[in-house]
Amino acid sequence: MAKTLAEKIWADHIVREHQGEPDLLYIDLHLIHEVTSPQAFDGLRAAGRKVRRPELTIATEDHNVPTLNIDKPIADPISKLQVDTLRKNCADFGVRIHSLGDVEQGIVHVVGPQLGITQPGMTIVCGDSHTSTHGAFGALAFGIGTSEVEHVLATQTLPLVRPKTMAINVEGKLKPGVTSKDIILSIIAKIGTGGGQGYVLEYRGSAIRDLSMESRMTVCNMSIEAGARAGLIAPDEITFEYLKTKPHAPKGADWQAAVSYWKTLQSDPGAKFDLEISINADELEAFVTWGTNPGQGLPLNAKVPNPAEISDPEERGAAERALTYMGLVAGTPLKEIKVDTIFLGSCTNGRIEDLRLAADILRDRHISKEVRMLVVPGSARVKLQAESEGLDKIFTAAGAEWRTAGCSMCLGMNPDQLAVGERAASTSNRNFEGRQGKGGRTHLVSPLVAAATAIRGTLSSPADL
Amino acid sequence: MEKYLSHTGTVLPLRRSNVDTDQIIPAVYLKRVTKSGFEDGLFGAWRNDPEFVLNRAEYAGATILVAGADFGTGSSREHAVWALQNYGFSVVLSSRFADIFRGNSQKAGLLTVVVDQSEIEAIWAAVEKDPTTKVTVNLESKSVNYGEKSIAFAIDDYTRWRLMEGLDDIGLTLKNIDSVSAFERSRPSFKPKTLPILS
């Protein structure tokens, strides 16, 4: 029977299936960080269990680490305890860890791909909802909670109910200035934050095939914001080319065997998806969110919506609440909204291509005196690469701050936070109330929009410069 | 995990949709390395408003949270489930839950029950009229009962059985660990390993 890509990967990982029970799936790679793992290791200790497969497990420090003065001890004692706990757990259980200051340290979803341990056809989990990022390689990758982290540590498997499948066909060609971030923000606005609930999304079509690996990661990264635990893209020559030179890519005969297998990882012609939707890439514009959930977004040229014109009472109420929280007035052109802070970084848009896009805009220009701009590379390797290209100099000459790698202001767990009432244009993934700091206001944007906004001080696209 | 058969309590009506896990427990509270003590961070930002429903005396002691659609979206933090449990909630009702939140709840023993939005509205109205309204959520009969009303809900048999028996998921999997070993023997050699470290 014709199968979708997600169904193929699922079938290849079933350890045990039994009528009336979830399937037991084998997990090829388990990524770990400091925030969602300590209680799981405690559970192992309490039960006298070991990590079943340390060589399929890897840890990095990202959520709760500072992006300044990383040569000094972490100032916040509670944060320090959490990071020290991860280090101790990894030492006790034999798990590889990349700590602050290590050249491979960085955001877990940036580190996996750059090491080449993220490969097509794998099952990948992490106690972080943006694990969907790895779906860009044609892997089935999804976020899990701490109970599941413990389950994977102990058994290298997870009992899971088979998800439904949704095809998202993006055909056409993106206009200049429109990026993969705008594709995914448009998709979320179209299907809503619950639209993908219960589904694995497969992004297909010419506009997706035209994207680089890093741009594909941006799309898959935000599958969770559309409600889907996982989103993936069939691997192709672009995928293989990206992987070939990575340290943990298969070598020699293994490479040949791997590529032959990877080439089978496509949805079969005639495979049935539970749902299919279509997006016309030709019509997409630079996109920005105006509200407090990622589905509340519009093209940058639009105006702040009027809740009175929304027919669904639930959505209308949510829009009213959002405008109050965001301090916005219906009918205001989005481009007239003034921001205080620009955040360029995160597992959504903190890779080298993202930094290059923004640096191209900022070259020989200066950011507005009214704004501060934080540039936080997704990993220590991304930082080194950017510095070898002189991007750091472009950012600092433009007046931006050049930081060290981590999740930073995306979730405001470390000291990088918005103050009450502050407004950010952020390349991250969530505009929830208080996400980037208590009382902070977030507009989600692409790296291009972030850079143009930094220069003008109001939400802008490069074409406005 | 404790066995879960039925729960009776009063309701906290939360008339909001898209309650993401950053609202349930903001990131600044996630620095702890335990599963307890998260009650002080539950709805951390919203609680500053004295009128917020959690602060209202008439709903004090509620153990059943009834919320709008798309409850638990966003971050996978299981701390959101722990915060609700630590505060004293045993059940959450919504017309739709985010997948990861629902999975986490079922592992940690917080019952999440899906009923139609119209039923959610009816419970909100009943409880706002009389906050002492007792609601019973019965896992055995798969029904939510209050006053004269009985609402059937669906839950997959496996999860229901596991909750009712109070079974540990890891323990269940370890019973089948031989099939895991067998699977491992058939894994292709090209699958990546994190050790030894290659550069």
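We name chains A, B, ... by the order of the sequence lines, and we start the count at 1 in each one.
One finds no salt bridge joining B:Glu140 and B:Arg160 here, because no Lys/Arg side-chain nitrogen approaches an Asp/Glu carboxylate oxygen to under 4.0 Å. Salt-bridge formation is not detected for the pair A:Glu34/A:Lys80: no Lys NZ or Arg NE/NH1/NH2 atom is positioned less than 4.0 Å from an Asp or Glu carboxylate oxygen. For B:Lys35 and B:Glu78, the salt-bridge test fails: no basic side-chain N is under 4.0 Å from an acidic carboxylate O. By the 4.0 Å N-to-carboxylate-O rule, A:Arg96 lies too far from A:Glu55 to be salt-bridged with it. Between A:Asp76 and B:Lys31, at least one side-chain N (NZ, or NE/NH1/NH2) sits under 4.0 Å from a carboxylate O, which counts as a salt bridge. The pair A:Arg162-A:Glu21 does not count as a salt bridge, with every side-chain nitrogen at least 4.0 angstrom from each carboxylate oxygen. Between B:Arg32 and B:Asp40, at least one side-chain N (NZ, or NE/NH1/NH2) sits under 4.0 Å from a carboxylate O, which counts as a salt bridge. Using a 4.0 Å cut-off between charged nitrogen and carboxylate oxygen, A:Arg49 and B:Asp168 count as a salt-bridge pair.
Heavy atoms of B:Ile197 lying under 4.5 Å from chain A belong to its backbone as well as its side chain. Contacts of A:Tyr261 with chain B are made by side-chain atoms alone, with heavy-atom separations under 4.5 Å and no backbone atom involved. In this structure, chain B has heavy atoms under 4.5 Å from both the backbone and the side chain of A:Arg435. Both the backbone and the side chain of A:Glu150 come within contact range of chain B, with heavy atoms under 4.5 Å apart. Using a 4.5 Å cut-off between heavy atoms, B:Gln106 does not touch chain A at all. Both the backbone and the side chain of A:His13 come within less than 4.5 Å of a heavy atom of chain B. Of the atoms belonging to A:Leu24, it is side-chain heavy atoms, and not backbone ones, that fall under 4.5 Å from chain B. For A:Asp28, the parts lying under 4.5 angstrom from a heavy atom of chain B are both the backbone and the side chain. Heavy atoms closer than 4.5 Å to chain A are found in both the backbone and the side chain of B:Phe190. Heavy-atom distances place no part of A:Leu160 under 4.5 Å from chain B, backbone and side chain included. For chain A, the nearby parts of B:Ser181 are the backbone and the side chain; heavy atoms of each come within less than 4.5 Å. For A:Glu225, no part lies near chain B; criterion is any non-hydrogen pair under 4.5 Å. Of the two parts of A:Ile224, only the side chain, counted from C-beta on, holds a non-hydrogen atom closer than 4.5 Å to a non-hydrogen atom of chain B.
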*Given B:His79 and B:Phe38, is the ring pair (Phe, Tyr, Trp, His ring centres under 6.0 Å) satisfied, shown in steps?*
CA-CA 7 Å; B:His79 312 64; B:Phe38 290 98; 5.4 Å; yes
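Ranked by heavy-atom pairs under 4.5 Å with chain A, the first of B:Ile177, B:Asp70, B:Asp169, B:Val28 is B:Asp169. When B:Thr73, B:Asp157, B:Thr34 are compared by the number of non-hydrogen pairs under 4.5 Å with chain A, B:Thr34 comes out ahead. Ranked by heavy-atom pairs shorter than 4.5 Å toward chain A, the options B:Thr159, B:Thr21, B:Asn104 are led by B:Asn104. The candidate with the highest count of non-hydrogen atom pairs below 4.5 Å against chain B, out of A:Val103, A:Asp128, A:Leu115, A:Leu29, is A:Asp128. Ranked by heavy-atom pairs under 4.5 Å with chain B, the first of A:Val83, A:Ile144, A:Thr131, A:Thr36 is A:Ile144. When the candidates A:Gly412, A:Gly439, A:Gly121, A:Gly198 are compared by the number of heavy-atom contacts under 4.5 Å with chain B, A:Gly198 comes out ahead. Per-residue heavy-atom pair counts under 4.5 Å with chain A were compared for B:Ser75, B:Ser199, B:Ala98, B:Ala45, and the maximum is reached by B:Ser75. Contact count versus chain B (heavy atoms, under 4.5 Å) is highest, among A:Gly434, A:Ala257, A:Gly317, A:Ala318, for A:Ala257. Options B:Arg15, B:Arg77, B:Gln23 differ in how many heavy-atom pairs under 4.5 Å they form with chain A, and the most are formed by B:Gln23. Among the candidates B:Phe101, B:Trp82, B:Trp161, B:Phe97, the residue making the largest number of heavy-atom pairs closer than 4.5 Å to chain A is B:Trp82. Ranked by heavy-atom pairs under 4.5 Å with chain B, the first of A:Thr85, A:Thr193, A:Asn414, A:Thr292 is A:Thr193. Heavy-atom pairs under 4.5 Å with chain B peak, among A:Pro159, A:Ala154, A:Ala249, A:Cys126, at A:Pro159.
Between B:Ile155 and B:Val113, the closest side-chain pair of non-hydrogen atoms is not below 4.5 Å. Within the 4.5 Å cutoff, the side chain of B:Val91 has heavy atoms near those of the B:Leu93 side chain. In this structure the side chain of A:Thr157 never reaches within 4.5 angstrom of the side chain of A:Val152, judged on heavy atoms.
Residues B:Arg102 and B:Thr112 have side chains that bring a donor and an acceptor to within less than 3.5 angstrom of each other. A:Gln119 and A:Trp262 form no side-chain donor-acceptor contact under 3.5 Å, judged by distance and modelled atom types alone.
Here the options are B:Val53, B:Leu54, B:Thr132, B:Leu14, the test is side chain to side chain contact (heavy atoms under 4.5 Å, CB included), and the partner is B:Tyr59; only B:Val53 passes.
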